[in-house]
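Data block below; observations after.
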Amino acid sequence: MTNQNNILLVTGADGMVGSAIRRLDPPNTVYLGHKDLDLADFEKCKKVFGEIKPTRVIHLAAVVGGIGGNTIHSGEFFRQNVMINVNTLEAARLVGVKKLLSFMSTCIFPAQCDYPLNEKDLHKGPPHPSNFGYAYAKRMLEVQSSAYRKEWGCDFIVGIPTNIYGPNDYFNIEDGHVMPSLIHKIYLAKKNGTDFSVWGSGQPLREFVYVDDIAKLALWALNNYTEDSPIIFTSGNEISIKDLVGLVAKAMNFTGNIVYDSTKPDGQFRKPSDGSKLKKYYPDFVFTPIEDGIQKTVDWFLANYPNVRK
Ligand code: GFB
């Protein structure tokens, strides 16, 4: 029986990227958050996919964290993410999903790798120890998508964003990513008149992509990208953590004391990624400048605090 309802299903819909896709309001879309369905439970997953009968899926659900959470929860992050991904892709295949987009991230590339990171180097060595469990679980997502294409012709594709940030991020100070953690810590330092503590040396470099850009690229890829190999979503602009701290402090009007906590990890020094495949397929895409993205995120945080995910 062909599936005429053309429903797009978004998993992990209550997270940062899911919220950005909701803001774009694509038609015929069903949004599932963790509260709606535990994707780690295959029977429930299969049942709900059978009820919704999506023809397209954007698979965002994942158990994630920043360098802190990833280092501590290596086993749990591997176990949970493998189950979520294997179940989601199999349930999608069983109900005849025509197109499925999953996401990895640039932290899963080999720690020792030619720069800039290129999609072809994905499996050429172990990831940085700070991302061990999560990175291998995410790499299996790419393996499963490719294996399903080979055996069953599934058009399951994979996007690889760099560090995503924006409204409705996870602002937990211990487990969150660097951008939301810095925003939350500066807010508290201003409020309490205390020092603002930055982890590590401030020397590492990162690339950031604003979440609304990823939402636009997700819908674009769903309609236009159909290669077996993954596609990196990056502006290619690196920034040091120290310079990032300066931009966040400026956006927050913070003039207090900034201290660098050398007892905290620097993690991978840099992970510059190659955006040439995206430039080839989508040459006129314009990424949000980091200053604008930070200001939008700070404005959202200040307007919603304390009702933010933290
Ligand atoms: O976003 P993040 O935690 O993870 O960034 P990764 C870590 C970098 O930011 C390190 C510095 O160099 C930290 O020393 N940093 C400074 C801080 N202050 C803070 C702070 O308050 N909190 C945090 N978290 N970092 C991520 C992966 O790796 O890459 C994710 O953990 C995802 O799973 C993402 O894949 C793309 O950038 O090192």
Side-chain angles (χ1 to χ4, degrees), residues 12 15-17 60-74 76-78 80-81 102-111 117 122 127-139 141-142 158-166 169-189 194-211 213-214 230 232-235 238-249 252 254 258-273 290 294 297 310:
M16 172 170 55
V17 179
L60 303 172
V63 176
V64 300
I67 190 167
N70 260 305
T71 305
I72 297 163
H73 305 299
S74 203
E76 189 56 12
F77 278 22
F78 178 82
Q80 285 278 4
N81 285 302
S102 296
F103 280 97
M104 302 195 285
S105 75
T106 51
C107 78
I108 67 159
F109 276 92
L117 301 174
L122 185 60
H128 190 272
S130 63
N131 293 302
F132 183 80
Y134 173 82
Y136 272 116
K138 279 290 189 176
R139 288 191 192 181
L141 190 50
E142 188 267 338
V158 182
I160 311 182
T162 58
N163 294 49
I164 308 173
Y165 71 98
D169 201 342
Y170 180 47
F171 289 86
N172 182 285
I173 284 170
E174 286 310 313
D175 278 349
H177 289 119
V178 56
M179 186 78 85
S181 300
L182 294 180
I183 291 170
H184 194 175
K185 289 199 287 190
I186 284 191
Y187 173 83
L188 296 174
T194 53
D195 289 353
F196 161 41
S197 164
V198 182
W199 291 1
S201 66
Q203 300 311 309
L205 299 164
R206 291 292 184 272
E207 293 174 357
F208 293 93
V209 59
Y210 187 58
V211 68
D213 296 345
I214 292 299
I232 289 174
F233 295 147
T234 183
S235 64
E238 282 187 298
I239 182 171
S240 72
I241 297 299
K242 189 173 175 52
D243 289 346
L244 177 70
V245 165
L247 291 181
V248 176
M252 293 283 285
F254 178 74
I258 299 174
V259 294
Y260 284 83
D261 178 355
S262 56
T263 68
K264 294 286 188 181
D266 268 344
Q268 193 151 350
F269 179 66
R270 61 190 293 242
K271 39 186 180 173
S273 52
I290 191 166
I294 289 174
T297 308
K310 59 187 188 307

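As the structure lists them, so they are numbered: ligands from 1, and atoms in each ligand from 1. Counting begins at 1 with the first residue of the sequence.
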inquiry  = I'd like the contact residues of ligand 1, where contact means a heavy atom below 4.0 Å.
reply    = G65, G66, I67, N70, S105, C107, N131, Y134, N163, G176, H177, V178, S181, L182, K185, V198, W199, P204, R206, I241, P265, D266, K271
inquiry  = Looking at K242, I want to see if its NZ is surrounded by more than 12 non-hydrogen atoms of other residues, nucleotides or ligands under 6.0 Å.
reply    = no
ask   = Can you check whether Y134 and F78 have ring centres sitting under 6.0 Å from each other?
value = no
message = If you compare all heavy atoms of V209 against all heavy atoms of P161, which two are closest, and at what distance to 0.1 Å?
response = CG1-CB, 4.3 Å
query = Minimum heavy-atom separation for K138 to A62, with atom names?
reply = NZ-CB, 3.9 Å
task = Look up atom CH2 in W199 and atom CG in D266, then write down how far apart they are to the nearest 0.5 Å.
result = 12.0 Å
request  = Could you verify whether a donor N or O on one side chain and an acceptor N or O on the other, from T106 and E207, lie under 3.5 Å apart?
outcome  = no
